[in-house]
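I have placed the structure first, in the form of structure tokens, so that the comments after it can refer back to it.
Note that ligands are numbered from 1 as they come in the structure, with each ligand's atoms numbered from 1 the same way.
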Amino acid sequence: MASGSANVRDICRARRADGPAAVLAIGTANPANRVLQDDFPDMYFRATKSEHLVGLKEKLKRLCQKLGVQKRYLHHTEELIRAHPEFLDPVQTPSLDERLDIARTAVPELAAKACRKAIAEWGRPATDVTHLVVTTNSSAHIPGVDARLVPLLGLRPAVRRTMLYLNGCFAGAAALRVAKDLAENNRGARVLVVCAELTVLLFTRPVEGDLMTLMNQALFGDGAGAAVVGADPVPAAAERPLFELVSTAQAIVPGTEDAISMRVTKGCYVGHIAAREVPALIGASVERCLRDALEPLGMGAQWNDLFWNVHPGSAAILDQVDAVLRLRPDKLAASRRVLSEYGNMFGVTVIFVLDELRRRMEEGEETPEWGVMLAFGPGLTVETMVLHRCVEQGTGGAAAEKRST
Ligand SMILES: CC(C)(COP(=O)(O)OP(=O)(O)OC[C@H]1O[C@@H](n2cnc3c(N)ncnc32)[C@H](O)[C@@H]1OP(=O)(O)O)[C@@H](O)C(=O)NCCC(=O)NCCSC(=O)CC(=O)O
């Protein structure tokens with residue numbers, strides 16, 4: 001009996017990886033339909049036949065100026081909305097089924113596009129992927145996006161799949177956290193992580209007095225972000241670590257369960273955000289979460305000595321994190337750029353920020369060795385991940401060339 005249990009320990013120990021999990025490749029994708037934020041109020045009020053609500057449209061214009069978004073990509077075009085008049089008033093004409101039908105194919109296809117880029121950069125065949133972690137808010141099917149990705153990407157039928165639904169904006173960080181544990185506890189594992197979102201589930205017409213709808217239409221964008229995660233990179237297979245995932249933490253901020261929420265209704269998804277309060281709530285909790293994550297590693301609160309990947313929930317949220325941590329103006333530049341170019345893509349956004357940080361490092365931007373990923377979402381939940389930079393600074397041309405071949 002005793003020797004039996006010793007055996008099991010040995011088996012478990014032998015199965016663990018030696019080194020930390022690392023991101024080995026990143027891929028991102030968006031739908032083709034590009035929407036400039038300056039054009040959005042006209043487009044939205046035209047598509048929803050709401051031109052008569054002149055005051056509300058002016059309000060949306062003012063709101064658009066405040067969010068930090070200049071451009072987004074949306075799967076739903078004016079043409080698609082014209083073809084689905086039932087989307088305009090989800091209370092009178094419930095249309096969850098029609099929206100989910102769109103998501104059924106569009107979400108896996110968008111996810112596959114990001115995954116293909118990540119796999120191409122990784123340089124190994126798709127059949128070498130051992131685990132798949134998929135997360136989305138924009139789907140409710142079984143078999144899910146994970147199962148659909150197997151034939152789309154040519155993964156092995158024996159790939160071990162994990163599907164995370166409805167995690168809000170912390171989904172990307174949560175998926176990377178799960179991937180880290182899988183990679184470190186399964187020697188040789190190569191985990192494909194993908195997060196994909198479509199906002200057609202939230203689409204609805206503007207209603208006088210309903211500010212939340214304006215916010216949901218103006219802030220969020222569609223996209224997919226993928227990463228290959230594995231420990232002990234194999235140089236002979238041309239694997240190279242970009243970021244080591246050093247430690248992870250998750251915390252619920254007490255008393256904030258109503259601050260961000262989402263309900264699946266007969267009509268569509270209905271999101272609620274206590275938008276004016278959320279930046280301050282995050283600001284009040286962020287330092288505690290960071291100390292809890294960093295102190296066990298013997299790292300102090302020298303926030304400007306780190307690089308930062310903060311989920312850009314909106315400009316006000318980034319401003320609040322900036323102010324509380326007294327960050328130098330350039331510290332959240334990657335988060336601000338992604339918000340500006342793509343909008344808030346829920347959990348996808350932190351993967352885009354990771355890619356943007358990598359690009360900046362390759363282009364030679366002076367970057368500290370250690371960094372932090374911070375993501376927020378319903379709960380209020382704060383996900384914190386300590387990162388270690390492996391990207392070689394200033395390798396811009398060579399690395400980008402490798403990705404494009
Ligand atoms: C809502 C804000 C843009 C408001 O900015 P300011 O406070 O600077 O400006 P303000 O109060 O003058 O408001 C500007 C205009 O927006 C209107 N306004 C205020 N609150 C609003 C709301 N909830 N929805 C829509 N409009 C709103 C005001 O009436 C005003 O209109 P008028 O001009 O007529 O007076 C900002 O506070 C913000 O970005 N909050 C955080 C948003 C957020 O929570 N993002 C996280 C998304 S969720 C996420 O990322 C995670 C997840 O989903 O899981």
Here the atoms of ligand 1 under 4.0 Å from any heavy atom belonging to N344 are 47 (C), 49 (C), 50 (O)
Next on the checklist: Could you check whether E184 pairs with R16 (Lys NZ or Arg NE/NH1/NH2 to Asp/Glu carboxylate O, under 4.0 Å)?
Outcome noted: no
Should E239 and R190 count as an ion pair when the cut-off is N to O under 4.0 Å? yes
In terms of its nearest heavy atom to atom 1 (C) of ligand 1, the top option of A275, A171, A218, G168 is A275
Atom 39 (O) of ligand 1: closest protein heavy atom, distance to 0.1 Å, is S314 OG, 2.7 Å
- Query: Under 4.0 Å between a Lys/Arg side-chain N and an Asp/Glu carboxylate O for R187 and D18?
  - Reply: yes
One finds that the ligand 1 atoms under 4.0 Å from a non-hydrogen atom of F376 are 51 (C)
* Carboxylate-amine/guanidinium proximity below 4.0 Å for E244 and K180 -> no
Note: ligand 1 atoms sitting under 4.0 Å from heavy atoms of L63 are 3 (C), 16 (O), 25 (C), 26 (N)
Applying salt bridge (Lys or Arg N to Asp or Glu O under 4.0 Å) to K266 and not counting sequence neighbours gives none
For V278, the ligand 1 atoms with a heavy-atom partner under 4.0 Å come out as 44 (O)
Per-atom filter on ligand 1: closer than 4.0 angstrom to a heavy atom of A316 are 36 (C), 38 (C), 39 (O)
Residue set satisfying ring pair (Phe, Tyr, Trp, His ring centres under 6.0 Å) with Y342, at least two apart, ordered chain then number -> Y73, F352
Tell me whether F220 has any N or O atom under 3.5 angstrom from an N or O of ligand 1. no
For atom 49 (C) of ligand 1, is the nearest protein heavy atom closer than 4.0 Å? yes
Atom 25 (C) of ligand 1: protein heavy atom closer than 4.0 Å? yes
Near L67 (heavy-atom distance under 4.0 Å), the atoms of ligand 1 are 3 (C)
Ignoring hydrogens and geometry, is there a side-chain-to-backbone donor-acceptor pair from S50 to T48 under 3.5 Å?
yes
Judged by heavy atoms only, the candidate from I317, L60, L281 nearest atom 46 (C) of ligand 1 is I317
Salt-bridge criterion met for K113 and E109 (N-O under 4.0 Å): no
Q) Does a side-chain N-to-carboxylate-O contact under 4.0 Å join R240 and E362? A) yes
protein heavy-atom neighbour closest to atom 5 (O) of ligand 1 works out as K66 CD, 3.8 Å
the protein heavy atom lying closest to atom 33 (O) of ligand 1 turns out to be R62 NE, 2.6 Å
Atom 51 (C) of ligand 1 sits nearest the protein heavy atom C169 SG, 2.5 Å
Looking only at non-hydrogen atoms, the one of C64, G377, G313, P279 nearest atom 45 (N) of ligand 1 is G313
Problem - Salt bridge E369-R389, side-chain N to carboxylate O under 4.0 Å - result: no
**Study point:** Carboxylate-amine/guanidinium proximity below 4.0 Å for D101 and R104
**Key:** no
In this structure, atom 28 (C) of ligand 1 is nearest to the protein heavy atom R276 NH2, 3.3 Å
Residues R360 and E363 bridged, charged N to O under 4.0 Å: no
Quick look: M262 vs ligand 1, heavy-atom contacts under 4.0 Å, and the answer is neither
Would L219 count as a polar contact of ligand 1, with the cut-off being nitrogen or oxygen pairs under 3.5 Å? no
Nearest non-hydrogen protein atom to atom 22 (C) of ligand 1, with distance, is L211 CB, 3.8 Å
I'd like to know if R359 and E365 make a salt bridge, using a cut-off of under 4.0 Å between side-chain N and carboxylate O. no
So the atoms of ligand 1 within less than 4.0 Å of a heavy atom of M215 turn out to be 1 (C), 24 (N), 25 (C), 42 (C)
message: So that I can tick it off, tell me whether R336 and D322 are bridged by a salt bridge, with the cut-off set at under 4.0 angstrom between side-chain N and carboxylate O.
response: yes
Using distance alone, determine whether F170 and ligand 1 share an N or O pair under 3.5 Å.
no
Numbered in order shown, the ligand 1 atoms found under 4.0 Å of a heavy atom of I273 are 43 (C), 44 (O), 47 (C), 48 (S)
Under 4.0 Å between a Lys/Arg side-chain N and an Asp/Glu carboxylate O for R46 and D42? no
Does E58 reach ligand 1, in the sense of a heavy atom lying below 4.0 Å from it? no
re atom 29 (O) of ligand 1, the protein heavy-atom contact at minimum distance is K59 NZ, 3.0 Å
